Amino acid sequence: MLEKRYDPHQVEEGKYENWKSKGYFTAGDKSKIPYTIVIPPPNVTGKLHIGHAWDTTIQDIIARYKRLQGFDMLYLPGMDHAGIATQAKVMQKLVNNGIDVTKITREEFLKWAWAWKDEYADNIHKQWAKMGISLDYTRERFTLDEGLNYAVRTVFVNLYNKGLIYQGERIINWDPVQQTALSNIEVIHQDDPGKMFYFKYPIVGENDSLIVATTRPETMFGDVCVVVNPNDENLKKYIGKKVINPANGDELPVIGDDYVEIGFGTGAMKCTPAHDPNDFIIGKKYGFPMPIIFNKDATMNEKCGKYCGLDRFECRKVLVEDIKAAGNFVKTEDIVHPVGHSERNNCVVEPMLSKQWFVKMRPLAEQSLKNQDSETKVNFVPERFEKVFTSWMENVEDWCVSRQLWWGHRIPAYYNKKTGEVRVSMDPPEDMENWDQESDVLDTWFSSALWPFSTLGWPNKTEDLDRYFPTDCLVTGYDIIFFWVSRMIFQSLEMTKQRPFKNVVIHGLVRDELGRKMSKSLGNGVDPMDVIEQYGADALRYFLTTNSTPGQDMRYIDEKVQAASNYLNKIWNSARYVLSILPEDFAPKALDKKDFAPLDQWIINRLEETIKNVTANMDKFDFNAASSHLYNFVYDDFCGQYLEMSKVALNSDDTKAKEITNQVLYSVLKNIILLIYPYTPFIAEELYLNIPAHKDSVMLEKYPLYNKELVDESSEGQVNVLFAMIKDVRNYKIENKLAPNAKLELKIKLKINVFDAFETYLKRFTFSDVEFVDEIENSGDINVYNEGSMLIKNEAGKEDLIKKLEKDIESIKSEIIRCEKMLGNPGFVSKAPAEKIELEKNKLEQHKKNLAELETKLSSLK
RNA sequence: GGACACUUAGUUCAGUGGGAGAACGCUUCCUUCACACGGAAGAGGUCAUUGGUUCAAUCCCAAUAGUGUCCACCA
């Protein structure tokens, strides 16, 4: 017997471990059609946040839905080593433990990092379990494990041999805190307040000067020339002359290039090829030297004279003061301009000339774009995100993949100690003593990009790869379309000649109650484990997946989780009630619509309709729409109507009616449990295990299928009359200030013969005394229905009743006017579809009929 | 500078080319034998603004305003 109150903790206790130990999460049934989802591997840097909970719950709903539909469901788990983020955290931990990280070796560090990984992986496993994520742990992978390293090396060597990976000296984004290169998308441009400095660059040998503006005076030590537009009437006379760099007194040539925009700024631009991507292009074009003026930690280096050793921002201050003192300062302006920050630690990124490894993106991007025009395109849900992907691909630049870190896949390149020859190969050269391996590792996203196939054993031709790849569905947030989705697509197409997934379901971000992004600095993050502690995993899951439309952001609102919990309590209690009625020897039988009373038929019609709608929306990944169909069915149809009305049959002497009612109650309850199961597996399992004739787990059941054979709408009209009567009686009692259980004298006449079907219901449920008459007296208070009428003898509240009637008549009159206007419009009659016209005609007729009846009633009342 | 999204009830959000919906909140009533984490009844909206397409626009199109997000090397 179920407890009176749904207690999520009691319900959720032990279920996950049971499922897992029984092997229900394990894929591999060859008799079924495979369906594959790989988890977006969370970083081993910390615990899962509410965004992860959303992401994985969507996946789990799909997984549980597909599994119940009879697919061989593979939901593959794993985690990401998250190079920079993890290395930073482990280093911090070592510092906190008093370890001198400057003396530590690569090997020692990696030992610490692996220990860290184990600890955090353990934590994440526990969180997945709490949330009920049905992952196949027999196939769990880590982006840094042996097999994935093999895949990474294979891809690197392959791309290198095709000329799609190269080593080059280019301007990259330098993170001076982590002291590593970053890719473009790891840099966040934000508008920061800053200053534009204007300096005089005196002309050599003349009493004249050029005014040059810059936001980064400290880079002046790397200036190689000043550029003006050759068509600039005011400035072209300076081309060929030399100017003095006010920072260090160097003589710089003035050159002409139409890259510089006339009229922008002062019209003269200083060129620092080693520290600005545009200047780099110019520097290269004219063959200038490219002096690097920063150390790796972004302090000034020896090229900066007395400023050597100063922090870049400190240098800026001092230098500006010195230029002022020398009389070359013109002015400053306060400006707001975009400044690049490291995505990981928010420090200001420094553009810096550096030798790094790059992936040549153009050919790979072209291939990905071309694939979107084919039948095997990746289907974005919602569709609009495809444009985000394609426009990025169209403009993508080469991808800097080398990182100056330890925690990651070490690049399989080797340098010959004597000749300097570079060799890229799967395995180290045989005479390794003569070679040094590249010390850099690869960008974390390089290995993540291979995730959908590397986890299945690629490049080996494994059974799993053959069976489960390409995967069916990837679920992720729109914020990592560039980082991850795009890269999986091009790597997969290049390496496997197949798309990595058929569908990619994009969701938004979880925001706080005020719509703000959750962040550590605001301290407004919500820990899913706290929510589970308070409301249970099922309520959290239900809330997360039913409160937004696909691709849209969502706010975390505590009351809504509470509402979800109330809904589950509602289902719980209805189940408790149904189970309390079913006889001990109850045995489910196949339903046959010829046994149904009109009410039974009605609820079965509603159920089948619900199954159809839920399934259709599940298939579209629209979980909000799917769940609301079920919600309405549970509250309005099942609990609101059928559960109450069926009490009549249950309390009657009609054993046949009782038996059918029991069968219907059982069937509806079981279907509700199965339909809610993907969302809230714990409570579904608990209820399922309490219904008669259950299997060992709800996970062994079959998902409901729409069954047309059970549907019959011929008695809908009768049921609707009944419901309308009940509603009117309730209204009547309220309007007349009668107690809900007050006895009423009613006279009812129905044109269609539903007396047999409803007499008991009418007597038992809503009314206390029902009197049936053949004719309705044209006096007293009368409520009229399409198929009949109901007479209520009434003395009290006559005035209120008249008021209400008048109000109803007003609104129905305006409806009639609307209909008549429409039907009187020649445009409508000639152009609207025939069925629309028919519909309006019927409406008008109905309204007129209702109006006449209301008016009769009103006049009889008066 | 480009691109995308959003603007609907007090709040958070669904939705549809032809009579405006949910949840929460609010008002009134009810502890009646599944559930007061409940039930019944109800109030509350010129669907941002202005044009256009259409027989018909909250919905499609365009512009405007506001909000948010992403992309972008402009000194």
Side-chain angles (χ1 to χ4, degrees), chain A residues 2 4-6 171 184-185 188-189 196-197 212-216 219 226-227 259-261 264-272 276-281 337-338 340 351 382 384-385 387-388 391-392 395 397 478-479 481-482 508-509 511 513 515 517 535 546-549 551-555 557 559-560 562-581 622 624-625 628 631-632 635 639-640 643-644 647 651 726-727 730-731 733-735 737-741 811 814-815 818-819 821-822 825-833 836-837 839-840 843 847:
Chain A
L2 298 170
K4 188 171 177 188
R5 164 66 183 161
Y6 157 60
I171 300 282
N184 291 349
I185 54 176
I188 297 167
H189 292 95
M196 180 73 81
F197 300 89
V212 175
T214 179
T215 53
R216 295 190 297 156
T219 63
V226 169
V227 194
Y259 175 80
V260 175
E261 197 182 318
F264 190 94
T266 65
M269 184 187 90
K270 74 184 201 63
C271 176
T272 322
D276 185 284
N278 304 302
D279 297 6
F280 174 72
I281 294 166
H337 64 147
R384 65 185 145 91
F385 287 106
K387 241 205 270 184
V388 177
S391 62
W392 187 72
N395 301 306
E397 292 188 18
Y478 61 66
D479 52 328
I481 291 177
F482 304 139
L509 304 175
R511 297 172 170 280
E513 205 141 340
K517 228 170 173 172
Y535 298 105
T546 63
N547 274 287
S548 73
T549 25
Q552 222 58 38
D553 286 353
M554 174 178 45
R555 297 188 190 195
I557 295 173
E559 287 78 22
K560 290 199 178 185
Q562 208 176 316
S565 178
N566 291 348
Y567 174 42
L568 298 181
N569 185 50
K570 187 77 178 173
I571 293 178
W572 178 271
N573 263 298
S574 60
R576 191 166 67 90
Y577 166 69
V578 171
L579 295 176
S580 75
I581 330 191
D622 190 343
N624 180 21
S628 78
Y631 183 94
N632 291 334
Y635 265 97
C639 295
L643 233 45
E644 293 303 328
K647 286 171 185 169
N651 289 327
I726 291 166
K727 192 174 162 82
R730 283 175 178 162
N731 268 322
K733 286 180 178 173
I734 283 174
E735 279 157 11
K737 299 191 167 47
L738 298 173
N741 58 354
S811 71
S814 71
E815 277 304 302
R818 192 189 62 83
C819 282
K821 208 172 146 192
M822 227 164 139
N825 180 342
F828 176 72
V829 184
S830 61
K831 294 191 180 176
K836 285 282 180 195
I837 298 172
L839 194 71
E840 286 304 318
K843 274 189 206 168
H847 289 322

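We name chains A, B, ... by the order of the sequence lines, and we start the count at 1 in each one. The structure displayed is predicted, hence computed values, not measured ones.
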All salt bridge (charged side-chain N to carboxylate O under 4.0 Å, His left out) counterparts of A/Arg511, not counting sequence neighbours | A/Asp553
Return the set of residues passing side-chain hydrogen bond (donor to acceptor under 3.5 Å, both in side chains) with A/Tyr577 (not counting sequence neighbours), or none when no residue passes.
-> none
Nucleotide by nucleotide, nucleotides 40-48 of chain B touches protein heavy atoms under 4.0 Å in the pattern (B base, S sugar-phosphate only, - none) SSSS-----
Can you tabulate the close N/O pairs, meaning under 3.5 Å, that link protein atoms to atoms of nucleotides 51-53 of chain B?
none

All ring-ring contact (aromatic ring centres under 6.0 Å, His included) counterparts of A/Tyr635, not counting sequence neighbours = A/Tyr567, A/Tyr631
Partners meeting side-chain hydrogen bond (donor to acceptor under 3.5 Å, both in side chains) with A/Lys843 (sequence neighbours left out) | A/Glu840
Watson-Crick and G-U pairing of RNA chain B written in dot-bracket, each distance under 3.5 angstrom, with | for inter-strand partners | (((((((..((((....[..)))).(((((.......))))).....(((((..]....))))))))))))....
Residue A/Val260, side-chain atoms from C-beta onward, closest of B/rG38, B/rC73, B/rA75 = B/rA75
What is the nucleic acid contact for A/Lys270, judged by heavy atoms within less than 4.0 Å: base, sugar-phosphate only, or nothing?
-> nothing
Give me the distances for all protein-to-nucleotides 54-60 of chain B N/O pairs that come in under 3.5 Å?
{"residue": "B/rC55", "atom": "OP1", "partner": "A/Lys831", "partner atom": "NZ", "Å": "2.1"}
{"residue": "B/rC55", "atom": "O2'", "partner": "A/Asn825", "partner atom": "ND2", "Å": "2.6"}

Where do N or O atoms of nucleotides 9-15 of chain B meet protein N or O atoms at under 3.5 Å, pair by pair?
{"residue": "B/rU12", "atom": "O3'", "partner": "A/Arg555", "partner atom": "NE", "Å": "3.4"}
{"residue": "B/rU12", "atom": "O2'", "partner": "A/Lys560", "partner atom": "NZ", "Å": "3.1"}
{"residue": "B/rU12", "atom": "O2", "partner": "A/Lys560", "partner atom": "NZ", "Å": "3.3"}
{"residue": "B/rC13", "atom": "OP1", "partner": "A/Arg555", "partner atom": "NE", "Å": "2.8"}
{"residue": "B/rA14", "atom": "OP1", "partner": "A/Thr549", "partner atom": "N", "Å": "3.4"}
{"residue": "B/rA14", "atom": "OP1", "partner": "A/Thr549", "partner atom": "OG1", "Å": "2.4"}

Results of side-chain hydrogen bond (donor to acceptor under 3.5 Å, both in side chains) for A/Asn825 - residues two or more places apart only | none
A/Asn547 meets the side-chain hydrogen bond (donor to acceptor under 3.5 Å, both in side chains) criterion, sequence neighbours left out, with none
Salt bridge (charged side-chain N to carboxylate O under 4.0 Å, His left out) partners for A/Lys560, two or more places apart | none
